[in-house]
Amino acid sequence: MPEGHTVHRLARTFAELFAGQVLTVSSPQGRFSAGAALLDGSRLVAARAWGKQMFLGFADPSVERAAGTEGSRADDDLRWLRVHLGLYGAWTFAGDGSSAVVHAIGAPRKRIGERDSVPARPLAALATSDDDWEPPAPRGAVRVRLVGEHAVADLTGPTACEVVSGDEVRAVEARLGPDPIREDPPPAGGPGRFVAAVRRSRTSVGQLLMNQDVVAGVGNIYRAEALFRAGLDPLTPGRDVPAETLRAVWDDLVVLMRDGATTGAIVTTRPGDREPDVGAHPGTPARTGPGRPGVRQNTDGTAGSVPADQAFYVYHRDGLPCRVCGTPVLMKDLAGRKLYWCPTCQR
DNA sequence: TTGGAATGGACAA
DNA sequence: TGTCCCTTCCAAT
């Protein structure tokens with residue numbers, strides 16, 4: 001999936017495209033018809049993320065009339081759409097060209113009509129003016145479609161998609177560990193909670209980093225890359241990792257993940273550790289040859305200039321030489337997910 | 001045409 | 001720990 005940086009980026013995109021607008025909500029696929037009916041015709045007033053969970057807050061029209069004012073809405077006055085993309089969920093956006101909408105955010109695959117270079121104003125050519133813009137027909141199994149004044153958002157393949165109350169939103173958030181991207185760490189303290197949670201467990205630190213109750217938003221790429229950058233053996237029991245090392249991992253995650261949320265792509269390699277001219281000369285094979293397809297990144301096509309095959313130290317690089325020491329990168333299954341690490345740099 | 005694989009997690013045992 | 005679910009894409013038939 002879409003790790004936490006993607007979900008935060010999504011929440012920002014929803015705020016930019018739809019905040020304050022009355023939305024038409026439907027379920028072209030039909031599996032979310034009841035939930036869509038609850039939200040249809042209400043106003044989007046909040047969009048936020050915690051880890052990999054996204055919450056869109058809708059003002060109930062009747063409550064809105066009773067309250068009378070635009071401001072001072074408590075979470076409990078809203079109906080919330082909770083979405084978790086899971087492994088292959090994705091949002092696809094299209095607009096009338098009045099804003100440079102992000103084309104697709106979610107699972108790392110090509111989306112409807114996506115090209116290698118995404119036009120700055122997707123689908124603008126389809127509209128002759130803002131007034132007669134019509135959303136394109138949904139493609140594929142679209143669970144939810146949100147239509148606003150100038151844009152449409154389609155959701156496919158989510159693990160979770162449901163309408164919940166403010167109470168339920170708080171319950172989900174309370175269960176999650178601290179999120180390195182959030183500027184408002186929970187009262188218990190972000191880094192402190194993370195360090196304590198790891199150090200009271202015998203489970204391997206590699207497994208703990210993927211536990212959303214320990215730290216929210218980290219997925220398989222950030223797990224592998226953060227451990228490499230810390231020089232930490234993923235199989236070390238949590239309780240054996242020095243607190244200062246964990247604090248450094250946290251600080252690194254803050255930088256990496258906030259950068260990812262801004263650019264839309266995960267890049268963890270330092271410039272000096274990349275190969276400057278791979279593929280630049282005819283006959284020079286790219287690192288991602290036949291049988292090793294390139295890792296597609298979540299991106300709107302404009303983020304960063306680092307090629308996908310230069311973005312990581314160890315993720316998806318098993319068998320290739322470590323960028324730092326040349327030792328072949330290892331891979332093994334750990335609790336059902338693939339773990340990548342360099343046995344020389346990480347010990 | 002088919003069948004793994006994919007940046008995830010809920011649930012049962 | 002294992003099984004199942006959600007959907008799409010691309011390499012291998």
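Below, all heavy atoms of this structure are taken into account, side chains as well, without hydrogens, waters or symmetry copies. Just so we're on the same page: letters track the sequence lines, and every chain starts at 1. Note that the coordinates shown come from a computational prediction; the quantities given were computed from them, not determined experimentally.
Residues from residues 27-39 of chain A lying near DNA chain C, meaning a heavy-atom separation below 4.0 Å, are Q29(A), R31(A) in numerical order.
Between the P atoms of dA10(B) and dT8(C), the separation comes to 22 Å (whole Å).
Counting to the nearest Å, the C1' atom of dG9(B) and the CD atom of Q207(A) are 14 Å from each other. If you measure from atom CZ of R139(A) to atom P of dT7(C), you get 17 Å, rounded to the nearest angstrom. Rounded to whole angstrom, the span from the CD atom of E162(A) across to the P atom of dG9(B) amounts to 15 Å. Rounded to whole Å, the distance from CG on L85(A) to P on dT8(C) is 13 Å. Here dA5(B) presents its P atom at 9 Å from CE of M331(A), a figure rounded to the nearest Å. L339(A) places its CG atom 13 Å from the P atom of dG8(B), with the value rounded to the nearest Å. E3(A) has its CD atom 9 Å from the P atom of dG9(B), to the nearest Å. Atom-to-atom, CG of D333(A) to P of dG4(B) comes out at 16 Å; the value is rounded to the nearest Å.
Hydrophobic clustering of Ile, Leu, Val, Met, Phe, Trp and Tyr side chains at less than 4.5 Å, counting indirect connections, unites V164(A) with L176(A).
Considering all non-hydrogen atoms of both residues, V214(A) and P178(A) come closest at O-CD, 3.5 Å.
Atom CD1 of I221(A) sits about 15.0 Å away from atom OH of Y313(A), to the nearest 0.5 Å. With rounding to the nearest 0.5 angstrom, the OG atom of S201(A) is 8.5 Å from the CG atom of N211(A).
The aromatic rings of H316(A) and Y340(A) lie parallel to each other, their planes meeting at an angle below 30°, with 60° marking the opposite boundary. Ring pair F18(A)/F14(A) is tilted by interplanar angle, where 30° to 60° counts as tilted.
Each of V172(A), L81(A), V83(A) was evaluated against F55(A); a single residue qualifies, V172(A), per the side-chain contact (heavy atoms from CB on, under 4.5 Å) test.
A salt bridge is absent between E3(A) and R223(A); no separation between the charged side-chain nitrogens and carboxylate oxygens falls under 4.0 Å. Between R347(A) and D233(A) there is no salt bridge, since none of the side-chain N atoms of the basic residue sits less than 4.0 Å from a carboxylate O of the acidic one.
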Could you walk me through whether T13(A) and E16(A) satisfy the side chain to side chain donor-acceptor pair (under 3.5 Å) test, starting with their C-alpha distance in whole Å, then the side-chain angles of each, then the deciding distance to 0.1 Å, before giving a yes or no?
CA-CA 5 Å; T13(A) 299; E16(A) 287 166 14; 5.2 Å; no
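Here dA6(B) is the nucleotide among dG9(B), dT7(C), dA6(B) with the atom lying nearest to any side-chain atom of H316(A). Closest approach to the H84(A) side chain among dT7(C), dA10(B), dG8(B) is made by dG8(B) (side chain taken as heavy atoms from C-beta onward). Nearest to the side chain of R175(A), among dA6(B), dA10(B), dT7(C), sits dA10(B). Taking only side-chain atoms of T159(A), from C-beta outward, the nucleotide of dA10(B), dT8(C), dG8(B) with the closest atom is dG8(B). The side chain of K338(A) lies closest to dA6(B) when the candidates are dG9(B), dA6(B), dT7(C).
At a threshold of 4.0 angstrom between heavy atoms, the contacts of R223(A) with the nucleic acid are absent.
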Here DNA chain B, pairs taken as Watson-Crick or G-U under 3.5 Å and shown with ( ), [ ] when crossing and | when to another strand, reads ||||||.|||||.
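Residue R337(A) places no side-chain N or O under 4.0 Å from the OP1 or OP2 atom of dG9(B).
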